[in-house]
Amino acid sequence: MEESPSRATENPVAARAVADRSTVVDVGLLVAASPGGDTERLCEFAARLAGDAADELQAATEAGWRFHAEEPESLSDADARRPSQFLDEAALRMVEGPYDLVVVVTDVPLLARDHRRVAGLASPLSRVAVVSTHRLRVSGRDQPRRPLDSPAVRSNGATVLLHQVGHVLGAGHDPGGGVMAPYEFDPDRSDVPAFDADVSRYLERIATTIPEEEVESRSVLGLVWFHLLSAARNGRQLLRALATSRAPLLPLSLPKLSTAAVAPTLILVFSAETWDVGLNLDNGTTVLFATVSVLLAAVYLVFSLNLNVPRKRRGVVTEHVALLNVAILCILVVGMVGLFSLVGGIMLVIEFVVFPPNLMTNWPSLEDPAVTVVDLVRIGGFVATIGVLTGALAGGLEDRTILRQLALFRAEP
């Protein structure tokens, strides 16, 4: 891949021995520092980690690895963050580079999906890895924090970086040892472990596929086609993201959206007009109405909340940034199906358990007061579809915090 003139100055330590390699991987190195942190020292620490990791990556993949130091980002506070909160800025730097992957080094605590504080997390889908020095510097009770320049922090930091880059490239945990063994901080660690033979063979085999394909965003149709091609080429990653995201349960993590969907349906289900319309709809029209509404609700959320990454449009889109956008849309589609099921289930419970069975016979607006089970299901689906639409229209209540619930990063055990 040709180097873009906009690419930041590369770390000279990490760029050695790449001239004679046919495959070169360019990595963006982004430092995200807290307001009270020492940004300069954190940048120096990140550069040392990149230098330590580059040699092992080159040995394992038989490819050249170049880390490019990006302009640091200043965080608004020192609060703990989920990795998805770095995703937008990382994706922006990736397309600006453009880079094949991005490593974020931060000094704030990093939260895993189960709210544990961890040293690093990775997203194979977006090709972004996040390393936190906070966990590396924590020592025992009544002990001072370890300094950044201590050998233990540096060697463990490089190990975390390599471990997460391995996950980004699709390598799993290797309980047998090596850098892909489940990570634990080792205060006596003085050097960086190597990838074991099996992982090295895997990385060498996929090395030529690591460099990203990129496209200039010249037209909407061209962008849509590139996104579809990226999804087709990375179908397994997309399906894995859908499986691990627990997308059908997404509405349970977004209470404002769910409330906006359920509240109006509790009124509609007791309305004679709603039953009148539902009973006179045919099954095909009801299914079509529900399908189109679910798709439109997901698309509306993506564009109304500007959930595409990077948030600021750039002239170049890389393959995995496009794949990430497709994954976000697909997860939201499945999430809207989950919202439809949630609202529909509530409606069916009301229809079968709460709704007075003889009430329909007293509604003069209905020519035939007989209501079958199929009619009840159709009416429940019709009301649930309206609930999905109202929930999506009120989805702005969640803002971009919805990205935190999409589980785009790998969950550490």
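Residues satisfying the side chain to side chain donor-acceptor pair (under 3.5 Å) criterion with Arg82, sequence neighbours excluded, are absent altogether. Judged as a salt bridge (Lys or Arg N to Asp or Glu O under 4.0 Å), and not counting sequence neighbours, the contacts of Asp198 are Arg201. Looking at residues two or more places apart in sequence or on another chain, you find a side chain to side chain donor-acceptor pair (under 3.5 Å) between Arg189 and Asn156. Remark: Asp77 pairs with Arg81 by the side chain to side chain donor-acceptor pair (under 3.5 Å) rule, at least two apart or across chains. Scored by the side chain to side chain donor-acceptor pair (under 3.5 Å) test, Ser132 finds no partners at all (sequence neighbours excluded).
Side-chain contact check for Asn308 versus Ile328: every heavy-atom pair is 4.5 Å or farther apart. No side-chain heavy atom of Thr133 sits less than 4.5 Å from a side-chain heavy atom of Val153. Side-chain atoms of Ile210 and Thr23, non-hydrogen and from C-beta on, never get closer than 4.5 Å to each other.
Screening residues 122-135 for salt bridge (charged side-chain N to carboxylate O under 4.0 Å, His left out), with sequence neighbours left out, gives Arg127-Glu212.
Counting only distance, with no hydrogens or angles, the side chain of Thr39 and the backbone of Ala33 share no donor-acceptor pair below 3.5 Å. Asp100 places a side-chain N or O within 3.5 Å of a backbone atom of Asp26 that can act as its donor or acceptor partner. Side-chain atoms of Ser293 do not come within 3.5 Å of backbone N or O of Leu389 as any donor-acceptor pair. Using a distance-only test at 3.5 Å, with no hydrogens or angles considered, a donor-acceptor pair links the side chain of Glu56 to the main chain of Phe195. Under a 3.5 Å cut-off, the side chain of Asp375 and the backbone N or O of Thr372 do form a donor-acceptor pair.
No side-chain donor from either of Thr286 and Asn283 sits under 3.5 Å from a side-chain acceptor of the other.
Under the side chain to side chain donor-acceptor pair (under 3.5 Å) rule, Arg154 has a single partner from Asp52, Asp191, Asp149, which is Asp52. Tested against Tyr99 for a side chain to side chain donor-acceptor pair (under 3.5 Å), the candidates Glu70, His320, His68, Arg66 yield a single pass: Glu70.
Other residues, nucleotides and ligands place no more than 12 heavy atoms under 6.0 Å from the CZ atom of Phe303.
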Is there a salt bridge (Lys or Arg N to Asp or Glu O under 4.0 Å) between Arg93 and Glu73 once you walk through the steps? CA-CA 11 Å; Arg93 305 301 177 98; Glu73 178 192 8; 5.5 Å; no
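Here the straight-line distance linking atom CG of Leu121 with atom CZ of Phe409 works out to 7.5 Å at 0.5 Å rounding.
Note on ring orientation: taking the six-membered ring where Trp is involved, the planes of Phe289 and Phe382 are tilted (angle from 30° to 60°).
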